[in-house]
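Working notes, structure below.
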Amino acid sequence: MRSGINTGFSVLETLVYFYERKLGKEFRQQADSKQKVTMDTQFSFKTTHYCSASGARTGELTTPHGIIQTPVFMPVGTCATVKSLTPQDVEETGAQILLSNTYHLYMRPGHEIVKKAGGLHKFMGWNKPILTDSGGFQVFSLSDLRKITEDGVAFSSHIDGSKHMFTPEYAIEIENALGADIIMAFDECSAYGADHNYAHSAMKRTLSWLERCYNYHKNEKQMLFPIVQGNVYKDLRLYSLSASKEFAKCGIAVGGLSVGEPKEQMYEMLTVMQPHYPENMPRYLMGVGSPDCLVEGVKRGIDMFDCVIPTRIARNGTAYTTQGKVVVRNGIYKEDFTPLDPLCDCYCCRNFTKAYLRHLINTDEILGGRLLSYHNIYYLTHLMGRIRAAINADRFEEFYKSFITSPEYKQ
RNA sequence: GGACGGGUUCCCGAGUGGCCAAAGGGAGCAGACUGUAAAUCUGCCAGCUCCGCUUUCGGUGGUUCGAAUCCACCCCCGUCCA
């Protein structure tokens, strides 16, 4: 089924070599000449099991705030909170690590305040690992409010319109102040639809910013992940990956996907990159979190995912379940006194009915979005648990085949 | 009993001769949401044989080429006065 793509590999690999020699060389040389950040003993990654038939694998990522079993799904707490949930709730759902955001916390309350509070973990009362995004995604999502230059990005605050300059150095400074276990390099996430020419320049800019992030980052208690860009162009992806690897000491991320392109195109990019990731570190696919994409990502060698989707669709009245998507807002659940998901044993499913959840959502009661958020995160973290179990038991291929034909896949 | 004010499509509420199947809310029904400017946004919301037609603006009758809008009577509702 992937024969077309596989046939293309040799051609693409040729392209990679070409790029590495003609274009990527400078990055490799620069990287090699820098003093390598020694990975603190608090960090390590080891793969525990490989699927023999695909890229799927399980592993353990050790951080200063605990060990993470991979593949892992990370709930998003942009403003130092997973919207509507307490850290205790989030922990109960099985989440092992949270994502938070540099741009938002810089804007409010300000990274200095978080630093004074003793760092993000203390500030928000979450003792497990945290990853901060760099603000690179806001280059994409707030595209009407920013201006990109080679030096960095000038944002007009989405809150009050005030001007703020984000350079790679400043992004790292903020991330250092926040103190997450994993920090992301400042990148430019180019929009789906960008032409090859623009995608190429955005990708090159991201690499140049990566080097600046790498050089500026001095805190050995935080892992810096480079972000591979290149939009939906195979040659750019391979070039970006190849060049980014040189700066990847603890992990590497794939960004700029799931930004509007067809899923097949995203899968194609992942398939193309799959043979070229560093083996000894986690690969993080940014912004991906629908059940189908998680499974497809794991199959293509991804170890970490994050996404706002479980919490956002929850607040908008939708749940992921083992039976498929349930839009509890819909009228058919008016008198449905059964749980959201009969196979789920989360607090929400053990105690409440669809009719009640529908009532909460339809009356705009905050508990509705809260219970659905709790359930959706629980569902995804447990989906990852099922995936890990399947890999460890050498059953991932069977799991995959069964999953893609189940109602869970397309929801 | 008298004086005003009012009865509009599920609800509230605009509309005071043609541009009105009738603004705008709400409710209802559905869809979207992937490193969160999102408890947000979008669509539908009289009926049909749906580029057109039919039935709607308390009721009945009338004026007019044409009425939710004007007139007459009637029925309700509100406020105030007796």
Side-chain angles (χ1 to χ4, degrees), chain A residues 73-85 97-105 107-108 130-146 155-161 171 175 180 182-190 192 206 225-229 253-263 265-267 284-294 296-297 302 304-320 325 327-334 357-358 360-373 376 380 411:
Chain A
F73 174 77
M74 308 182 278
V76 178
T78 302
C79 295
T81 166
V82 177
K83 294 188 191 303
S84 84
L85 299 181
I97 168 172
L98 293 188
L99 181 142
S100 198
N101 190 289
T102 300
Y103 170 88
H104 293 81
L105 294 178
M107 290 293 177
R108 288 187 301 199
I130 299 176
L131 178 153
T132 46
D133 186 25
S134 59
F137 187 70
Q138 279 61 48
V139 177
F140 161 76
S141 65
L142 301 179
S143 60
D144 294 338
L145 298 173
R146 54 68 174 161
F155 284 102
S156 293
S157 160
H158 70 285
I159 301 156
D160 62 7
E175 294 196 270
I182 300 171
I183 65 175
M184 302 307 298
F186 189 58
D187 64 328
E188 178 184 346
C189 175
S190 61
Y192 176 59
T206 294
F225 281 28
I227 302 175
V228 174
Q229 287 292 346
V254 174
L257 291 175
S258 66
V259 289
E261 78 284 2
K263 286 179 180 177
Q265 220 165 356
M266 174 172 89
Y267 300 152
Y284 162 30
L285 177 56
M286 306 185 75
V288 165
S290 58
D292 53 345
C293 292
L294 292 175
E296 297 292 351
I302 302 296
M304 302 168 69
F305 303 84
D306 81 281
C307 197
V308 305
I309 206 163
T311 44
R312 180 178 290 170
I313 66 171
R315 293 192 305 280
N316 295 331
T318 300
Y320 285 139
K325 178 195 286 185
V327 182
V328 284
R329 221 181 43 226
N330 288 0
I332 50 167
Y333 302 115
K334 199 173 292 180
L357 294 166
R358 174 176 190 275
L360 293 177
I361 290 292
N362 286 11
T363 49
D364 288 326
E365 287 293 339
I366 46 179
L367 184 59
R370 176 164 147 72
L371 289 173
L372 289 184
S373 293
N376 279 348
L380 289 184
Q411 63 174 325

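For clarity, every value in this text was computed on a predicted model and none was experimentally measured. A note on names: the letters A, B, ... follow the listed sequences, proteins ahead of strands, and every chain is numbered from 1.
Separation of the C1' atoms belonging to B:C77 and B:A27 is 24 Å when rounded to the nearest angstrom. Rounded to whole Å, the separation between the C1' atoms of B:U54 and B:U9 comes to 16 Å. Only the P atoms considered, B:C80 is 33 Å distant from B:G26, to the nearest whole Å. Look at the P atom in both B:A46 and B:G78: the space between them is 31 Å, to the nearest Å.
A:G317 comes within contact range of no nucleotide atom at all, as no heavy-atom separation falls under 4.0 Å. Using a 4.0 Å heavy-atom criterion, one finds that A:L257 contacts no nucleic acid atom at all. Among the heavy atoms of the strands, none lies under 4.0 Å from A:C79. At the heavy-atom level, A:D187 lies under 4.0 Å from base atoms of the strands shown.
For A:R329 against B:G31, a side-chain-to-base donor-acceptor contact under 3.5 Å is present. Remark: the A:N101 side chain and the B:G35 base include no donor-acceptor N/O pair separated by less than 3.5 Å.
Taking atom CG of residue A:N376 and atom P of nucleotide B:A39, one finds them 15 Å apart after rounding to whole Å.
Residue A:T311 places no side-chain N or O under 4.0 Å from the OP1 or OP2 atom of B:U36.
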